[in-house]
Amino acid sequence: MKEFELINHYFKGRGIIRRDVELGIGDDCALVSVPEGNQLAVTTDTLVAGVHFFEDIPPRALGHRVIAVNLSDLAAMGAEPAWVSLGLTLPNADMQWLEAFTEGMHEIAEYYNVQVIGGDTTQGPLTITVCAKGIVPAGKALKRSSARVGDWIYVTGPLGDAGLAIEARKRDLQLEPQHYKAALEKFHFPAPRVAAGQVLRGLATSAIDISDGLLADLKHILHSSHVGAKIHADKVPMSNALRSSLDEDARMQLALGFGDDYELLFTVNDNNKNAVETRLKQYGVEPVCIGQITANNGDIQLLNQGLPYQLTGQGFEHFS
């Protein structure tokens with residue numbers, strides 16, 4: 001199957017068709033309409049085989065994952081996902097692989113009312129780049145730069161499961177089958193907190209999605225807002241799979257330092273604390289308060305059961 005046959009078969013005409021898309025796949029550019037009073041939120045992410053996913057990952061899971069991690073960035077800004085374009089580099093045009101990959105991709109895109117509006121296909125080592133676009137009311141986007149001293153720090157769900165799946169694979173850890181299955185499901189099929197991000201608009205003072213690790217991503221907020229943080233490691237939510245599989249130090253390392261969780265990390269002031277908890281619970285999200293913003297610029301004070309706690313390794317960074 002040649003390039004344009006591949007595009008026409010697996011992408012053109014599949015998935016939802018949004019009314020705000022004037023021209024989708026098939027021309028030099030896509031044309032979309034941004035509603036009046038809104039801003040366009042744009043994010044781009046590249047996933048490389050052997051770096052961001054194992055090369056034998058099920059293609060349906062990979063299709064889901066490449067869309068999900070980009071929608072998570074939009075969620076962190078409080079944006080409503082609308083359109084994605086895809087750059088797909090393939091070693092060869094394996095029809096069975098492509099069918100499963102695009103099925104996973106279109107499934108999650110349809111769930112979040114997102115249309116695939118274009119992209120490119122080339123031949124080479126398996127690499128996938130997604131550019132996702134969303135809309136957010138003008139002036140209402142969540143940012144990293146508005147946390148203030150005294151704000152409370154929250155996460156939207158358990159951390160460390162993706163790390164558990166990856167470490168189990170890399171180090172041949174002998175986990176209980178049900179725990180490994182649960183952790184691998186979290187890694188293969190992350191659930192972007194799209195609704196939560198929109199709930200937080202006007203309530204949270206800052207937000208970011210947890211892709212590189214809680215402490216690493218928290219530092220982005222601290223540096224942008226010129227503040228510090230006190231984090232209670234023992235309050236960080238973890239799944240039963242993680243708690244049952246590793247000792248305390250090992251699971252803390254994964255929950256605080258690993259990443260790939262795609263939960264939201266956000267700050268909120270005293271006045272909005274109760275409103276945030278109530279509204280998120282209405283969407284099935286149980287936010288957990290894990291600390292507070294301090295005046296120590298860029299510094300994270302990490303505690304466990306009220307005592308200073310040291311963690312080795314604090315997040316993933318390319319070229320580090």
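None of the values given here were measured: they were computed from a predicted structure.
Salt bridge Glu277/Lys273: present, at least one basic N to carboxylate O contact under 4.0 Å.
Atom-to-atom distance recorded for Ser72:OG and Ile208:CD1 is 10.0 Å, nearest 0.5 angstrom. In this structure, OG1 on Thr294 lies 9.5 Å from CD1 on Ile300, to the nearest 0.5 angstrom. Separation of atoms CG (Leu214) and CD1 (Ile153) is listed at 8.5 Å; rounding is to 0.5 Å. Atom CE of Met77 is separated from atom CD of Gln198 by 13.0 Å, given to the nearest 0.5 angstrom. Interatomic distance, Ile210 CD1 to Leu256 CG, rounded to the nearest 0.5 Å: 9.5 Å. Here the CG atom belonging to Asn240 is positioned 8.0 Å from the OG atom belonging to Ser245, to the nearest 0.5 angstrom.
Under a 3.5 Å cut-off, the side chain of Asp27 and the backbone N or O of Cys29 do not form any donor-acceptor pair. Here the side chain of Asn269 pairs a donor or acceptor atom with the backbone of Asn272 at under 3.5 angstrom. Side-chain N or O atoms of Glu22 include none that pairs as donor or acceptor with a backbone N or O of Val32 at under 3.5 Å. A side-chain donor-acceptor contact under 3.5 Å links Gln174 to the backbone of Asp172.
In the hydrophobic cluster analysis, where Ile, Leu, Val, Met, Phe, Trp and Tyr join through side-chain heavy atoms closer than 4.5 angstrom, Leu159 is grouped together with Leu175. Both Tyr111 and Leu62 are part of a single hydrophobic cluster, where members link through side-chain heavy atoms under 4.5 Å apart. Note on Leu164 and Val236: same hydrophobic cluster, where clusters join Ile, Leu, Val, Met, Phe, Trp and Tyr whose side-chain heavy atoms are under 4.5 Å apart, directly or indirectly. By the criterion of side-chain heavy atoms lying less than 4.5 angstrom apart, applied directly or through intervening Ile, Leu, Val, Met, Phe, Trp or Tyr residues, Ile128 is grouped together with Leu6 in one hydrophobic cluster. Using a 4.5 Å cut-off between side-chain heavy atoms of Ile, Leu, Val, Met, Phe, Trp and Tyr, with links allowed through other members, Leu222 and Phe266 fall into different hydrophobic clusters.
Counting only residues at least two apart or in different chains, salt bridge (Lys or Arg N to Asp or Glu O under 4.0 Å) contacts with residues 62-77 comprise Arg65-Asp260. The salt bridge (Lys or Arg N to Asp or Glu O under 4.0 Å) analysis of residues 234-256, with sequence neighbours excluded, yields no pairs. Pairs passing the side-chain hydrogen bond (donor to acceptor under 3.5 Å, both in side chains) check and including a residue from residues 125-139, sequence neighbours excluded, read Thr46-Thr129, Ser85-Lys133.
In this structure, Trp152 has no ring pair (Phe, Tyr, Trp, His ring centres under 6.0 Å) partners at least two apart in sequence or on a different chain. With sequence neighbours excluded, no residue forms a salt bridge (charged side-chain N to carboxylate O under 4.0 Å, His left out) with Glu110. With sequence neighbours excluded, the residues satisfying side-chain contact (heavy atoms from CB on, under 4.5 Å) with Pro58 are Ala61, His188.
Using a 4.5 Å heavy-atom threshold, the side chains of Leu302 and Met252 count as separate.
Counting only N and O atoms by type, the side chains of Trp83 and Asp20 include a donor and acceptor under 3.5 Å apart. In the model, Thr205 has no side-chain atom that pairs as donor or acceptor with a side-chain atom of Ser146 under 3.5 Å.
At most 12 heavy atoms of other shown residues, nucleotides or ligands fall within 6.0 angstrom of atom CD in Gln96. Open room surrounds CZ on Arg279; 12 or fewer heavy atoms of other groups in view lie less than 6.0 Å from it.
Exactly one of Leu74, Ile67, Asn70 qualifies for a side-chain contact (heavy atoms from CB on, under 4.5 Å) with Pro81. That residue is Leu74.
Using cut-offs of 30° and 60° for the angle between ring planes, the Phe187 and Phe54 rings count as perpendicular.
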